[in-house]
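Note sheet for the following structure.
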Amino acid sequence: MTTVTQGGPPDLSGKNLSLRRAAANRAATIGIGLCVLIAAFPLILVAYQVVVRGGSAIGLDFLTEEIARNYRTAGGGMGPAIVGTLLITGMAALIAIPIGVLGAVYLNEYGKDRPLAKFIRTMADVMTGVPSIVMGLFIYVAYVLVIGERTGFGGALALACLMLPIVIRSTEEMLRLVPDELRQASAALGARKWRTTLSVVLPTASSGITSGSLLAVARAAGETAPIIVTVGLTYLYRPDLFAGQNTTLAAQIYRNATQPFEASQERAWGAALVLIAIVFLFTILSRIISARFAIDRR
Amino acid sequence: MPDGPSGAPGAGGVFGRSANETGVSILTATAPPETSEDLDLGGDSRARGADRSFRGLVTLAGLMVLVILALILVTTTLRAMPALRDEGLWGFITGTRWAPNEDIFGTFPMLYGTLVTSLIGMIVAVPVSIGIALFITEIAHRRVRKYIVTVVDLLATIPSVVFGLVGVLVVVPFITDWYQGFARLVDPIPVLSSIFDESNTGRNYFTAGLVLAIMTIPIITSIAREVFDTVPETDKQAAYALGATRWEMIRGAVLPHSFGGLVGASMLGLGRAMGETIAVALVIGGSFHISANMFDTGNTMAAVIAQQWGESTGLHTDALVGIGVVLFAITIIINFVARWVVRRAETKMRGAHS
């Protein structure tokens, strides 16, 4: 009855909310916002600590000199570990990316919805959940024990196993975005399927594939557990991945962080800064490349 | 062989080139400079052979996933056999004494530590991740959203050893007093006083759990976001039309719709937490007993492998590999079930609304 006489649109401003409902809404919004701060806090803490403590440890000598043999004494650098990180991760990428891309080609271009392809897809997802230490143990048993020596290549194999499922899934995602018209156009020109795949589908998706792979590389560069199991330790430059033990930044951080001595902890912070810089570089590269891809998709 | 994407290792020059390639590829690729031979549409045997061998090659690459998983299971189990036979599988898992010098390998303390630390991690990480995902999908302005996604992504890129380093050298010395203060605070309360008892070190189950929480937040958040994105806009608008506040809309439309997917996301986080090695190895303390006190030192399955690997020989090494086998089995099962739960929840939603 009364509504007729009042007229006008109903009040939707929320001023008439009961106090309880308004308070619940406000509290929930604040709580949800707080969650974001909880996630941001460790990021800021880690970044601050690593930059401040690592920054004071780092210098040109630190980047180039060989690793100190004694935990207690200051001096020495991380040169061999930097080279080891880049070489081992690079070798892992060389192994994992071609296999992963070809595997993704199978899933998206050939297997599609077949039972085998579905099974591989599921198992690739499951494989991303395999702990990195288990990959390390696997390579130790299947490779290091067979050739009888811990080498950088063993570490590369372990990292490649970790990267493979990530590369497969991200590449498949990218291949799915390639419009079917391109495949049909290529087929209409008489190109066979392998040729269509290699010269049309993969190049179209290439920046997406590159950015996904770079992300996998960034992940792998920071892995520690498989490295300490398969790679061993060295204090010297060891550019040959196939002979002799090797080392990486992540392994050096772990090794030095467990020591109670000032000098070794300092080295750990310096190595952490270098490692984070490398990982960020790969991540940012990946971002830039995937941003370009977004233009392609238009 | 594709030269752009597959040949891209860590070298910098390759990226610039492949990025350029895509710029022109759409224009050129549809009309590649073909030789007359390639234009032959008759399926001569060589062309067919090329097709077939390419198909074989990519199938082989796809099968690598299955081959590797099978190899992991077989080779590590075989290697761990001596230790498993020494204790018996049941004894290996349930034995409470770990004494490598006497060839006694009971891994229950580590299993307990793994469960306890990842449980603490999940109790912290799941609500926080759901909160972040809700903030990103429902609350944040589009421009703000980008930055929060970046924060979560950056959190995912920090190597676990760096979390461990900050944990052991910064957080542990700082937080020990807090633990002691909290233990004194809950001292009069019966159950809590035994769960949070006095301790003299910050290297304990609880610190490890906190580190695990931080490390699993990105993965749970990203899957929770995907799940929330599948909630139909019509449901949300319907809730608003009924006069719901935003929180009531989330509670009434978003959360019930996403429950299955969130369970799956949490399980994936759990799988990640159980397998996490280095960060935990640095902050867990490394003792081999079972303690109800969360502020007590302990160990986890993954951490003990990393800690003792260097000094292990013979049967001890086999036992460590055996721990890896058990860990592998547990994480595979959890992941499998989690993926299944997520997928089922997703198809159920799609089925209902399309």
Side-chain angles (χ1 to χ4, degrees), chain A residues 21 24-25 28 32 35-36 38-40 42-43 46 49 90 93-94 98-99 101-103 105-106 120 123-127 129 131 133-134 137-138 141-142 161 185 190 192-194 198-200 202-204 206-207 209-210 218 222 224-225 229 250 253-254 257 268 272 279 283 289 292 296, chain B residues 2 4-6 8-10 18-19 21-22 25 29-30 32 39 41 47 50-51 54 58-59 61-62 64-66 68 72 75-76 79 128 131-132 134-135 148 151 154-155 157-159 161-162 165-166 168 170 214 217 245 247 271 275 277-278 302 305-306 309 321 324 328 331 335-336 339:
Chain A
R21 291 177 63 203
N25 190 39
I32 289 171
C35 290
V36 176
I38 292 176
L43 185 70
V46 167
Q49 293 288 344
L94 269 183
I99 299 178
V101 170
L102 288 179
V105 165
Y106 168 73
I120 291 177
M123 291 323 269
D125 278 344
V126 169
M127 196 171 163
I133 185 103
V134 173
L137 291 176
F138 161 58
V141 174
C161 288
R192 288 199 162 267
K193 191 159 184 177
W194 69 272
L198 289 189
S199 55
V200 177
L202 284 178
T204 309
S206 73
S207 59
I209 295 171
T210 318
T224 319
V229 173
I253 298 171
Y254 177 64
V279 170
T283 312
I289 293 170
R292 273 172 172 249
D296 281 349
Chain B
S6 72
S18 59
E21 259 176 22
T22 24
S25 62
T30 46
L39 281 173
L41 288 175
D51 241 1
F54 184 69
V58 295
T59 312
M64 277 305 281
V65 171
L66 305 183
I68 290 174
I72 294 175
T75 55
T76 51
R79 179 72 202 175
V128 172
I132 299 170
L134 281 176
F135 192 87
I148 295 164
V151 166
L154 285 179
L155 208 56
T157 59
I158 293 178
V161 69
V162 176
L165 179 70
V166 174
V168 73
V170 179
I214 295 165
I217 282 175
T245 61
W247 172 236
T277 313
I278 291 298
I305 303 174
W309 188 256
V321 176
F328 178 66
T331 48
N335 266 279
F336 209 84
R339 298 281 173 190

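Throughout, protein chains are lettered first and strands after them, A, B, ... in sequence-line order, and every chain is numbered starting at 1.
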* Asked: Under a 4.5 Å heavy-atom cut-off, does chain A meet the side chain of B:L155, its backbone, both or neither?
  -> both

* In terms of heavy-atom proximity below 4.5 Å to chain A, should B:T277 be classed as side chain, backbone, both, or neither? -> side chain

* **Toward chain A, the part of B:I132 with a non-hydrogen atom under 4.5 Å** => both

* Of the listed residues (B:I72, B:I148, B:N335), which shares the most heavy-atom pairs with chain A below a 4.5 Å separation? -> B:I72

* Structure fact -> Sorted by chain and number, sequence neighbours left out, side-chain hydrogen bond (donor to acceptor under 3.5 Å, both in side chains) with B:T245 holds for B:E248

* Check: B:F336 and A:D125 side chains under 4.5 Å, non-hydrogen atoms -> no

* Structure fact -> Separation between CG (B:L165) and OH (A:Y254), nearest 0.5 Å, reads 12.5 Å

* To do: Determine whether A:W194 and B:V58 make a side-chain contact, defined as any pair of heavy atoms from C-beta on separated by less than 4.5 Å.
  => no

* Grab the two heavy atoms, one from B:T331 and one from A:P131, that are nearest each other, plus how far apart they are. => OG1-CD, 3.3 Å

* What's the shortest heavy-atom distance between B:I158 and A:V46, and which atoms? -> CD1-CG1, 3.9 Å

* Structure fact -> Scored by heavy-atom pairs under 4.5 Å with chain A, the best of B:G62, B:A302, B:G271 is B:G62

* In terms of heavy-atom pairs under 4.5 Å, which option from B:V168, B:V161, B:V151, B:V166 contacts chain A the most? -> B:V161

* Contacts of type side-chain hydrogen bond (donor to acceptor under 3.5 Å, both in side chains), residue A:N25, not counting sequence neighbours -> none

* Test item: B:P159 and A:V279 side chains (from C-beta on) under 4.5 Å apart, heavy atoms -> yes

* Closest approach of A:A225 and B:I278, non-hydrogen atoms and distance? -> N-CG1, 3.7 Å

* **Interface moiety of A:I38 toward chain B, non-hydrogen atoms closer than 4.5 Å** => side chain

* Structure fact -> The interface call for A:A218 against chain B, heavy-atom contacts under 4.5 Å, is neither

* Check each atom of B:L154 against the heavy atoms of chain A and say whether the ones under 4.5 Å are side chain, backbone, both or neither. => both

* Structure fact -> On a heavy-atom basis, the closest approach of B:I217 and A:A39 is CG2-CB, 4.4 Å

* Side-chain heavy-atom pair A:V105, B:F54 within 4.5 angstrom cut-off -> yes

* Carboxylate-amine/guanidinium proximity below 4.0 Å for A:K193 and B:D51 -> no

* Asked: Can you tell me how far the OG1 atom of B:T59 sits from the CG atom of A:L102, to the nearest 0.5 Å?
  -> 10.0 Å

* Asked: To the nearest 0.5 Å, what is the distance between CG (B:L66) and CE (A:M127)?
  -> 9.5 Å

* Contacting moiety of A:T283, where chain B heavy atoms sit under 4.5 Å -> side chain

* Asked: Can you name the nearest heavy-atom pair linking B:W247 to A:A24, along with the distance?
  -> CD1-O, 3.9 Å

* Structure fact -> Okay, B:V162 and chain A: the region with an atom under 4.5 Å from a heavy atom over there is side chain

* **Portion of B:I214 that has a non-hydrogen atom of chain A nearer than 4.5 angstrom** => side chain

* Asked: Just wondering, do B:T76 and A:V134 contact through their side chains at under 4.5 Å, heavy atoms?
  -> no

* **Interatomic spacing from CE in A:M123 to CD1 in B:I68 - rounded to 0.5 Å** => 12.0 Å

* Structure fact -> To the nearest 0.5 Å, atom SG of A:C35 lies from atom CG of B:L134 at 8.5 Å

